[in-house]
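Report on the structure given below.
Since the structure is predicted, the reported quantities are computational estimates derived from the model, not experimental observations. In what follows, chains are A, B, ... by sequence order, proteins preceding strands, each numbered from 1.
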Amino acid sequence: MPLTLYNTLTRRKEVFDPIDPHQVQMYYCGVTVYDYCHLGHARACIVWDTVRRYLKWRGYNVRYVQNFTDIDDKILNRARQEGTSMEAVAEFYIQAYFEDMARLNVMEADEYPRATHTIDGIKRLIHELEQNGNAYPTAGDVYYSVRSFPGYGKLSGQKLDEMQTGASGRVEATHEANQPQKRDPADFALWKSAKPDEPAWESPWGAGRPGWHIECSAMVRECFADASGKRLGDTIDIHAGGNDLIFPHHENEIAQSEAVTGKPLSRYWMHNGMVNVGGEKMSKSLGNFTTIRDLLDRKGIDPMVIRLFVLGASYRKPIDFTDEALTAAQNGWNTLKEGLLFGYEYGDRLEWHDREDAQTSILEQFQTAMDDDFNTSSGLAVLFEIAKALQREGNLLVHQGKTDAPPDTLKQQWQTLIELAQVLGLEAKPEDPTSTNGLSDAAIETEIQRRRDAKIVKNFAEADRIRNELQAQGITLIDKPGGETLWHRS
RNA sequence: GGCGGCAUAGCCAAGUGGUAAGGCAAGGGUCUGCAAAAUCCUCAUCCCCAGUUCGAAUCUGGGUGCCGCCUCCA
């Protein structure tokens with residue numbers, strides 16, 4: 001069974017067929033660094049991280065490049081507000097980004113190009129566009145002429161003549177008046193002349209800064225060259241990003257790159273759905289966002305719960321962020337975690353020795369699910385089945401002191417679960433055993449004896465009080481038939 | 001106005017022609033002083049209408065509702 005994925009460009013699921021059968025070139029349009037990342041960004045990062053992990057598990061080497069947009073009006077505004085520089089703001093939020101993503105277990109990209117580090121490549125590309133007649137300078141600005149590129153609109157399915165400029169209501173009334181030199185309302189800026197007090201770079205068109213879309217075209221070109229400088233980046237395999245980037249951003253990238261190279265910029269265009277709140281897209285401008293830090297630190301959510309929340313849905317569909325959904329993910333993670341910790345908790349006791357290989361039939365089941373356009377929801381069902389079984393065996397060991405399941409089988413199941421969870425970036429680490437809580441074993445035994453005495457005289461109120469008190473301190477009691485009481489720290 | 005997408009139980013979510021995965025939650029039985037654990041059982045004909053078909057949640061046509069994009073966006 002081949003791996004298939006949905007290609008926005010063709011609006012179909014297609015068999016994945018990379019240019020080099022061993023090496024996948026993947027570019028993810030990353031974030032503009034002017035604030036902390038919110039759950040919407042987290043979703044995108046987790047989704048593409050998972051795609052990357054799965055491709056690796058499937059046997060491909062993946063070159064994964066993700067950009068930072070560090071030239072932008074919003075960064076500039078922030079810098080003005082805080083009385084600092086654009087560089088300082090960008091640097092601060094890039095570091096914050098790295099911290100957040102490490103916690104979410106998002107693997108580091110192979111390269112993180114930044115707009116400010118790509119100025120030469122950007123200028124080169126604009127120059128080539130100009131020479132080809134796709135770009136025109138006016139009064140210090142340079143615009144891309146959308147009418148000069150016949151394929152304009154092929155990604156988003158838009159036709160220039162049917163597009164309604166300004167339909168989103170976001171273009172200010174004065175906007176057009178400020179850009180009288182544009183030949184067509186749909187033309188977009190490749191280079192913007194410097195305004196006073198703004199960071200600027202020298203260029204053949206005067207001091208200025210690059211427009212938004214051009215950076216990605218330049219970065220793809222530069223980041224996928226081999227050691228000898230031979231360009232691999234004319235066409236890459238996968239170009240990914242949020243579906244809010246399809247138009248205009250990715251459409252414009254195609255126009256810029258393909259006008260110069262005459263080759264497809266990317267074979268596959270993949271787009272993740274948005275995170276919604278109350279049916280509306282989570283976004284900075286609506287103010288309905290929750291930052292990753294807020295979830296992790298203020299609400300104390302386990303990062304893996306966020307991964308599970310994200311992977312529970314198809315990456316292309318919108319997901320609604322609600323307390324209920326979060327609770328469900330939380331509970332679900334508890335089950336998976338118990339499964340993932342099974343080997344650490346009971347491995348010694350079950351006298352596991354030799355390494356068992358993962359269970360092929362289950363791996364195949366998982367692969368079938370994921371091969372269908374990265375169907376993580378179906379894939380997770382495979383993990384839950386194993387985790388549930390291990391959770392059950394773990395409980396039997398704790399409560400009955402034994403299990404009838406063969407240790408080898410359990411080990412095999414466990415290793416299968418660990419392997420698959422890793423593909424989804426889900427990991428659970430055993431608790432640090434040094435952080436045991438206050439009560440000594442002897443003190444616990446004393447309390448249990450007192451409770452036993454209370455039970456003998458049928459003083460159940462007192463017995464329950466002692467049990468509750470221990471439970472509050474993380475000690476769980478288990479009454480066995482015959483009056484014996486087991487206990488364990490939770 | 002244009003383009004794209006979605007509609008499956010209380011909630012989330014798979015399934016894309018052969019009789020509804022999985023998760024979360026809920027209810028009940030056994031066991032237990034009560035719990036815990038285990039175990040058993042219950043919990044949807046898939047937005048509506050009309051077609052195609054031996055057979056449709058799945059295909060076709062027509063509705064209805066919701067969402068995203070149309071130069072800030074993951």
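Counting non-hydrogen atoms under 4.0 angstrom, A:Arg12 reaches nothing in the nucleic acid. Residue contacts shown for A:Lys388 are limited to sugar-phosphate atoms, with no base heavy atom under 4.0 Å away. A:Arg467 comes within contact range of at least one nucleobase, with a heavy-atom separation under 4.0 Å.
Rounded to a whole angstrom, the distance from the P atom of B:A57 to that of B:G5 is 23 Å. The same atom, C1', is picked in B:A7 and in B:C46; the two are 10 Å apart, to the nearest Å. Of the P atoms belonging to B:A56 and B:A50, the separation is 14 Å, rounded to the nearest Å. With P as the reference atom, B:C41 and B:A13 are 28 Å apart, rounded to whole Å. B:C12 and B:A26 have their C1' atoms separated by 15 Å, given to the nearest Å. Between B:U58 and B:A20, the distance separating the two P atoms is 14 Å to the nearest Å.
Taking 4.0 angstrom as the limit, A:Lys455 places none of its side-chain polar atoms (N or O) nearer than this to OP1 or OP2 of B:U32. In this structure, A:His399 does not reach the B:A37 phosphate: none of its side-chain N or O atoms is under 4.0 Å from OP1 or OP2. Side-chain N/O atoms of A:Lys458 include none lying less than 4.0 angstrom from OP1 or OP2 on B:C34. For A:Asn395 and B:A38, the shortest distance from a side-chain N or O to OP1 or OP2 is below 4.0 Å. Within the 4.0 Å cut-off from OP1 or OP2 of B:A37, not a single side-chain nitrogen or oxygen of A:Lys480 is found. OP1 or OP2 of B:C24 has not a single side-chain nitrogen or oxygen of A:Trp333 nearer than 4.0 Å. Dashed line: the shortest gap from a side-chain N or O of A:Thr335 to OP1 or OP2 of B:C24 is under 4.0 Å.
Nearest nucleotide to the A:Lys317 side chain, out of B:A21, B:C3, B:A7: B:A7. Listed candidates were B:C69, B:G33, B:G4. Nearest to the side chain of A:Asp244 is B:C69. Distances were taken from every side-chain heavy atom of A:Ala44 (C-beta onward) to each of B:G68, B:G2, B:A74; the shortest belongs to B:A74.
Taking the six-membered ring where the residue is Trp, A:Trp269 and A:His250 present tilted rings, their angle falling between 30° and 60°. Under the 30°/60° scheme for interplanar angles, the aromatic rings of A:Phe98 and A:Tyr112 are found to stand perpendicular.
Between the SG atom of A:Cys45 and the CZ atom of A:Arg307 there is a distance of 10.0 Å, given to the nearest 0.5 Å.
Donor-acceptor pairing under 3.5 Å, judged by distance alone, is present between the side chain of A:Asp479 and the base of B:C34. Contact of A:Asp464 with B:G33 (side chain to base): a donor-acceptor pair of N or O atoms is detected under 3.5 Å. A donor-acceptor contact under 3.5 angstrom links the side-chain atoms of A:Lys281 to the base of B:C73.
For the pair A:Asn331 CG and B:C11 C1', the computed distance is 12 Å after rounding to whole Å. Summarising the geometry, the separation between CD on A:Gln391 and P on B:G22 is reported as 16 Å, rounded to the nearest angstrom. Between A:Asn375 atom CG and B:G22 atom P there is a gap of 15 Å when expressed in whole angstrom units.
Inspection of the A:Asp49 and A:Tyr28 side chains reveals no N or O donor paired with an N or O acceptor under 3.5 Å. Using modelled atom types and a 3.5 Å distance limit, the side chains of A:Asp302 and A:Gln330 yield no donor-acceptor pair.
A:Tyr152 does not carry A:Lys159 over the face of its six-membered ring by the limits of under 6.0 Å from the centre and within 45° of the normal.
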